[in-house]
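For reference, the structure is listed below as C-alpha cells.
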Amino acid sequence: MSVGRSAAAPYWLVGPGALLFLGLVVLPLVLTVILSFHVYDHASGIRNEFTLAHYLAVVSDDYYLGIFWRTLRLAALTTLICAVIGAPEAYILSRMRDPWRSVFLLVIIGPLLVSVVVRAFGWSMLLGSTGLVNQALQAFGLGSVRLLYTETAIVIALVHVMLPFMVIPVWTALQKLDPMVEAAAWSLGASHFTALRRVVLPQVSLGMLSGSLIVFGLSASAFAIPGLLGGRRLKMAATLVYDEYMHELNWPLGATIAIIVLLANLVIMLAYNRVVETRARKALG
C-alpha cells in the first residue's frame, strides 16, 4: 500500500498545477482557435459556421502584414538593446560587493513594482512636445524633436520595462561562474576583452538566451506601451487585436490575428533557442 502511495505521490503533487495550466492556458487557447474559424457577419454578428476566410484575409493583406512586421521588428530591436545594455550591467553587478550589490539590484528590480501603465504615462510626459527631453534639447539649441507617437518612443519605453528581465537571468548565470576561471585567462596572457569574449560570454550565453526569449515574447505581446506611446495610427499586434475585439466587435478576426502572432512568436523563439543552444554546446564542449 505504501509503495502504491509513493508511486502516486508525484501525480498528486503535479495535478493541481496541471489542472490550473489546462484551465487558464490550454482551454482559452483552444477556444480562441475555434473562435478564429467562425463566420462573422456585420449585421448578425458571430455565426455558428466555420471558414478559413479570416486567415486568408490576414496573410494576404499588406495592412496586417505591415503591423506584424512592425511588431516583430520592434520586439527584436528591444531584445537587442536590452542584451547590449543588460549583459554588461549584469556583469558589473556580479562583480560588486555588498551592500552596493543589494542597492543596485533593488534599483534594477524596483521598476517592476510600478505598473506598466504608470511608466508608459511617465514616458509620454517625458517624450512629449513640451516634455523634459524636448526642453533639454531646446536648452542646448538643438530644437524640438517629435518623439511621442513614434517607433522610437515605443522602443525606449519597452527597453525600460524589459531590461530587468534580461539583467536577472544573465546575473544568475554569472553567479554560477567561478571568478578564478576569468583570472586564469588573465594569468595566461589574455586581455580583459579576450577573457570576456572567450571565457565569460560562452558561460552566460544560456542566461542571455533565457533573457532574450522573455524580452522578445513580452515585447511582441505588449499592449499598454504601444497603445499609449504609439497612438491610434502606429499599431502593433496587441493593439490591433484589441481594436478588433472592442471597437469592430469582430471577435473571429481578432482571434485569428492573435493566433497568427502567437505562432510566429513560437517559431522565431524556438529557432533562436535552437541556434543559441547549439552554439553554446560547441563553445562549452
Side-chain angles (χ1 to χ4, degrees), residues 20-21 23-25 28-29 32 67 70-87 89-90 93 101-136 146-172 207 210-247 254-255 257-258 261-262 265 269:
L20 194 65
F21 178 78
L24 298 181
V25 178
L29 281 177
T32 302
I67 294 177
R70 179 187 298 125
T71 299
L72 298 177
R73 176 166 50 83
L74 295 186
L77 181 59
T78 301
T79 304
L80 177 62
I81 297 175
C82 284
V84 172
I85 298 176
E89 188 174 348
L93 182 66
R101 177 188 297 176
S102 301
V103 172
F104 279 92
L105 186 61
L106 181 61
V107 170
I108 294 171
I109 300 177
L112 296 177
L113 303 177
V114 182
S115 171
V116 176
V117 177
V118 174
R119 283 184 279 177
F121 272 119
W123 278 111
S124 67
M125 290 186 289
L126 287 173
L127 301 177
S129 58
T130 59
L132 187 61
V133 174
N134 272 311
Q135 289 180 9
R146 182 175 178 270
L147 293 174
L148 194 60
Y149 306 131
T150 63
E151 293 184 359
T152 302
I154 295 176
V155 172
I156 290 174
L158 283 177
V159 169
H160 173 237
V161 172
M162 303 300 171
L163 189 59
F165 297 104
M166 177 66 71
V167 174
I168 300 304
V170 177
W171 177 68
T172 303
S210 301
S212 298
L213 294 178
I214 296 172
V215 171
F216 182 85
L218 293 178
S219 299
S221 60
F223 170 74
I225 289 176
L228 293 173
L229 299 181
R232 298 298 304 163
R233 295 183 179 180
L234 193 61
K235 293 183 179 180
M236 291 179 65
T239 55
L240 180 61
V241 172
Y242 176 84
D243 287 342
E244 293 297 335
Y245 269 91
M246 303 304 295
H247 294 165
I257 297 170
V261 173
L262 175 62
N265 284 342
M269 293 169 69

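Legend: residues meeting side chain to side chain donor-acceptor pair (under 3.5 Å) with Arg73, ordered by chain and number and at least two apart, are Glu151. Remark: Tyr245 engages Trp251 in a ring-ring contact (aromatic ring centres under 6.0 Å, His included) (not counting sequence neighbours). Leu163 meets the side-chain contact (heavy atoms from CB on, under 4.5 Å) test with Cys82, Ile85, Glu89, Val167; sequence neighbours excluded.
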Give the table of side-chain donor-acceptor pairs shorter than 3.5 Å for residues 107-121, with sequence neighbours excluded, one pair per line with atom names and distance.
| from | atom 1 | to | atom 2 | distance (Å) |
| --- | --- | --- | --- | --- |
| Ser115 | OG | Val117 | N | 3.2 |
| Arg119 | NE | Pro111 | O | 3.4 |
| Arg119 | NE | Val114 | O | 3.4 |
| Arg119 | NH1 | Pro111 | O | 3.2 |
| Arg119 | NH2 | Pro111 | O | 3.3 |
| Arg119 | NH2 | Val114 | O | 3.2 |

All N/O donor-acceptor pairs, side-chain side in residues 211-230, below 3.5 Å, sequence neighbours left out:
| from | atom 1 | to | atom 2 | distance (Å) |
| --- | --- | --- | --- | --- |
| Ser212 | OG | Met208 | O | 2.7 |
| Ser212 | OG | Tyr272 | OH | 3.4 |
| Ser219 | OG | Val215 | O | 2.7 |
| Ser221 | OG | Gly217 | O | 2.9 |
| Ser221 | OG | Leu218 | O | 3.4 |

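For residues 147-167, the ring pair (Phe, Tyr, Trp, His ring centres under 6.0 Å) pairs, not counting sequence neighbours, are Trp123-His160.
With a 4.5 Å cut-off on side-chain heavy atoms, Ile154 and Met236 count as touching.
A distance-only check finds no donor-acceptor pair linking the side chain of Thr239 to the backbone of Lys235 [under 3.5 Å]. Of the possible donor and acceptor atoms, one in the side chain of Thr71 sits under 3.5 Å from a partner among the backbone N and O of Ala237.
The CG atom of Leu262 lies 6.0 Å from the CG atom of Leu29; values are rounded to the nearest 0.5 Å. If you take CG on Leu132 and CG on Leu127, they are separated by 10.0 Å, rounding to the nearest 0.5 Å. Atoms CG and OG1, on Leu147 and Thr152 in that order, are 6.5 Å from each other to the nearest 0.5 Å.
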* Asked: Passes side-chain contact (heavy atoms from CB on, under 4.5 Å), Asn265 versus Leu72? Steps please.
  -> CA-CA 8 Å; Asn265 284 342; Leu72 298 177; 3.5 Å; yes
